[in-house]
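Everything below concerns the one structure shown next.
Treat the numbers as computed from the prediction; the structure is a model and nothing was measured.
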Amino acid sequence: MAPLRRILIANRGEIAVRIIRTCRAEGLEVVVVYSEADQSEPHVKLADQAIPIGKAPAAESYLNIANIIDAARISGADAIHPGYGFLAERADFAAAVIDAGLTFVGPSPDVMRSMGVKTEARKIMEAAGVPVVPGNSDPLESAAEGRRVAEAVGLPVLLKAAAGGGGKGMRLVTSMDDLEPEFERATSEAEKSFGDGSVYIERYIDRPRHVEIQLLADGRGNVRQLGERECSIQRRHQKLIEEAPSPAVDGELRGALGRAACSAALAVGYQGAGTVEFLLAPDGKFYFLEMNTRIQVEHPITEMIFGIDLVRWQLKIASGQELDLPEHLVSRGHAIECRIIAEDPTQDFMPSPGVIEYLEIPTGPGVRWDGGVVEGCAVGLYYDPLIAKLVVWGEDREQAIGRMRVALDELTIVGIKTSQPFHRSVMRDPGFCSGSYHTGFVAESADAWCELSDADSMHFALAAALVHKQDSHRPPSAATRGAKQNLWATQARREALRNWQQ
């Protein structure tokens with residue numbers, strides 16, 4: 001296979017910017033695509049070439065396979081990197097890329113199909129000896145069949161969409177009387193979300209942790225696992241904070257998780273970067289959840305502790321290079337990632353569209369900012385609300401938490417509401433700081449972090465009003481106004497935190 005020369009990134013936002021940086025470091029030319037809503041976005045300005053592919057709605061642009069393939073032909077690209085989301089796990093897209101004579105940076109369409117259907121993935125994992133949650137591995141034909149499976153497995157159970165994830169098409173059943181109506185709801189939502197109403201049943205694991213293993217594989221039998229990531233701080237099955245390594249995993253369990261993940265990759269002949277997700281039960285048992293056949297949003301924390309550029313390895317493997325990393329990779333330190341999303345945590349995470357009027361990014365030892373926005377960017381409702389990822393590294397978990405607290409206090413975003421207050425409160429929550437948390441953490445701790453978020457917002461508003469009054473006799477420049485807002489907001493946040501801690 002000829003070396004890659006020009007990469008088209010079929011994505012936008014922070015992941016497009018992230019991939020561009022590695023391509024630049026590797027001496028590769030970069031082509032990006034953009035919708036009408038994104039013509040002034042950072043990823044467009046950073047690329048060597050940018051090609052419009054349609055209107056703002058994703059269905060008319062970033063999900064339009066024909067337009068993306070045409071853009072690759074026009075630009076002379078020889079490979080397409082899908083990033084995450086949009087078409088990243090669509091087997092028909094990978095097949096279209098290959099049929100066009102291009103290299104797809106990711107696994108084969110067959111692997112994506114087998115892992116994309118959860119019931120098929122369960123069968124493959126069972127055959128490979130990977131533990132799966134007790135349940136059925138074929139789509140349910142009726143609610144009556146679901147009742148029989150639930151009786152065999154034991155309540156409570158989860159009804160889950162066979163063709164999807166992210167909590168869509170998922171329903172908790174705690175009573176047999178609820179099974180039929182929940183079956184109807186789950187199948188309806190699965191059909192609307194994925195075009196496939198198939199659902200299956202798994203036993204509900206109470207208070208689990210969500211732990212995943214990062215893999216690299218070259219499709220030739222060479223597989224390397226790069227440790228685990230803890231992803232239990234989530235809301236409605238959407239991750240908000242991740243850390244690596246997990247505070248709940250010791251050396252023995254880490255080895256077992258890694259071996260199971262490698263078995264999963266070998267069972268399907270995996271190629272590229274992938275992630276095997278597990279549920280870790282309170283009794284220490286773990287179960288296969290799903291396999292993500294793409295780069296993960298939270299991949300930077302693995303990069304921070306292993307010192308490896310995962311996107312670089314995606315490109316190397318896609319170009320036909322053998323995976324020649326040491327068999328046993330050693331990590332160092334601890335890393336945490338906070339997803340900065342354009343939502344208001346004090347209003348049940350309602351979307352917060354608008355224009356970013358001022359942005360001050362934290363710096364310092366061990367601090368990394370993977371962002372897809374700059375001052376003046378408009379944050380709309382067409383796409384995922386993730387605008388950036390704030391990542392820190394420390395020699396140990398305690399230092400990483402301390403650095404994240406400082407970085408969050410320094411971060412200033414004016415113009416839209418973000419998840420930043422939520423992250424600040426979590427970094428001071430006793431349950432999080434002790435490492436004794438699970439996937440129900442956000443729901444169970446809502447009162448505590450909402451109180452702090454409200455106080456933080458109030459102090460920020462008071463500080464901003466004071467600055468405005470002080471400068472009312474002369475119009476300040478945008479830079480001056482932003483700097484003063486940052487100073488006053490930081491002081492107000494610290495006061496709010498002191499009051500809360502007392």
Side-chain angles (χ1 to χ4, degrees), residues 107 111 114-140 146 149-167 170 172-173 199-217 221 223-232 234 237 239 242 244-270 274-293 296 298 302 437-440:
V111 169
S114 63
M115 292 295 100
V117 179
K118 307 309 178 190
T119 49
E120 290 303 309
R122 279 177 59 90
K123 293 176 184 177
I124 294 170
M125 294 305 113
E126 285 179 305
V130 178
V132 299
V133 181
N136 67 307
S137 297
D138 288 299
L140 298 171
V149 173
E151 288 173 345
V153 170
L155 292 176
V157 297
L158 282 175
L159 286 161
K160 302 178 71 174
M170 183 183 295
L172 174 63
V173 179
V199 299
Y200 65 103
I201 279 179
E202 284 184 350
R203 177 188 295 162
Y204 175 69
I205 308 297
D206 189 34
R207 301 169 72 86
R209 299 180 79 118
H210 185 143
V211 178
E212 61 189 28
I213 297 290
Q214 175 67 59
L215 296 173
L216 286 171
V223 181
R224 300 289 183 270
Q225 61 95 359
L226 288 86
E228 82 282 356
R229 294 186 290 253
E230 171 75 61
C231 307
S232 298
Q234 50 187 255
H237 307 286
K239 302 167 188 173
E242 302 95 355
S246 167
V249 175
D250 59 18
E252 182 178 354
L253 179 56
R254 182 169 296 115
L257 287 164
R259 289 190 294 272
C262 289
S263 295
L266 290 168
V268 296
Y270 197 81
T275 301
V276 182
E277 301 194 344
F278 297 97
L279 285 181
L280 178 59
D283 62 3
K285 293 181 180 179
F286 64 89
Y287 305 95
F288 172 81
L289 183 61
E290 64 180 344
M291 186 173 191
N292 294 122
T293 54
Q296 289 277 82
E298 57 272 20
T302 296
Y437 61 90
H438 51 84
T439 55

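- Taking OG1 of T302 as the start and CD of E242 as the end, the distance is 10.0 Å to the nearest 0.5 Å.
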As a quick check of understanding, evaluate side-chain contact (heavy atoms from CB on, under 4.5 Å) for M170 and H237, giving each step before the final call. CA-CA 10 Å; M170 183 183 295; H237 307 286; 3.3 Å; yes

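- Two residues are said to be in side-chain contact when any heavy atoms from C-beta on lie closer than 4.5 Å; L257 and L280 fail this criterion.
- Here the side chain of Q214 pairs no donor or acceptor atom with the backbone of G227 at under 3.5 angstrom.
- Between the Q296 side chain and the E298 main chain, no donor and acceptor come within less than 3.5 Å of each other.
- Inter-residue side-chain proximity for V223 and Y270 is flagged as unmet; no heavy-atom pair is nearer than 4.5 Å.
- Residues L215 and A261 approach most closely at CD1-O, 3.5 Å, considering heavy atoms.
- To the nearest 0.5 Å, atom OG1 of residue T119 and atom CG of residue D138 are 6.5 Å apart.
- Note on K239 versus E277: salt bridge recorded, some NZ/NE/NH1/NH2 to OD/OE distance being below 4.0 Å.
- Scanning both residues, G258 and I213, for their nearest heavy atoms gives N-CD1, 4.2 Å.
- Side chains of S114 and I124 form a contact here, defined as non-hydrogen atoms less than 4.5 Å apart.
- Note: E290 CD to T293 OG1 = 9.5 Å, rounded to the nearest 0.5 Å.
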Step by step, work out the side-chain contact (heavy atoms from CB on, under 4.5 Å) result for M115 and V268. CA-CA 9 Å; M115 292 295 100; V268 296; 3.7 Å; yes

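- Here F278 pairs with F286 under the ring pair (Phe, Tyr, Trp, His ring centres under 6.0 Å) rule; sequence neighbours left out.
- For the pair K123 and E120, the salt-bridge criterion is met [side-chain N within less than 4.0 Å of a carboxylate O].
- A salt bridge is defined here as a Lys NZ or Arg NE, NH1 or NH2 lying under 4.0 Å from an Asp or Glu carboxylate O, and R229 with E212 meets this definition.
- Partner of Y204 under the side-chain contact (heavy atoms from CB on, under 4.5 Å) criterion, chosen from V153, V133, L158: L158.
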Before giving the answer on side-chain contact (heavy atoms from CB on, under 4.5 Å), spell out for I201 and L159 the whole-Å C-alpha distance, their side-chain angles and the decisive distance to 0.1 Å. CA-CA 5 Å; I201 279 179; L159 286 161; 3.5 Å; yes

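- One distance of note links CE of M125 with CG of L289; it measures 12.0 Å at 0.5 Å rounding.
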Should V130 and R259 be marked as a side-chain contact (heavy atoms from CB on, under 4.5 Å) after you check the CA-CA gap, both sets of side-chain angles, and the distance that decides it? CA-CA 9 Å; V130 178; R259 289 190 294 272; over 6 Å; no

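- The ring pair (Phe, Tyr, Trp, His ring centres under 6.0 Å) check on F288 picks up nothing, with sequence neighbours excluded.
- Considering all non-hydrogen atoms of both residues, A248 and E230 come closest at CB-OE1, 4.4 Å.
- Using a 4.5 Å heavy-atom threshold, the side chains of P208 and Y287 count as separate.
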Check the pair R254, S246 against side-chain hydrogen bond (donor to acceptor under 3.5 Å, both in side chains), reporting the backbone distance first and the verdict last. CA-CA 9 Å; R254 182 169 296 115; S246 167; over 6 Å; no

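- The heavy-atom pair separating S137 from R122 by the smallest distance is OG-NE, 3.2 Å.
- Between the CD atom of E228 and the OG1 atom of T275 there is a distance of 12.5 Å, given to the nearest 0.5 Å.
- Side chains of H438 and R209: no donor on one and acceptor on the other come within 3.5 Å.
- Here the closest heavy-atom approach between residue N136 and residue L140 is recorded as ND2-CD2, 3.4 Å.
- In the model, Q234 has no side-chain atom that pairs as donor or acceptor with a side-chain atom of T439 under 3.5 Å.
- Contact detail for L172 and P156: the closest heavy-atom pair is CD1-CB, 4.1 Å.
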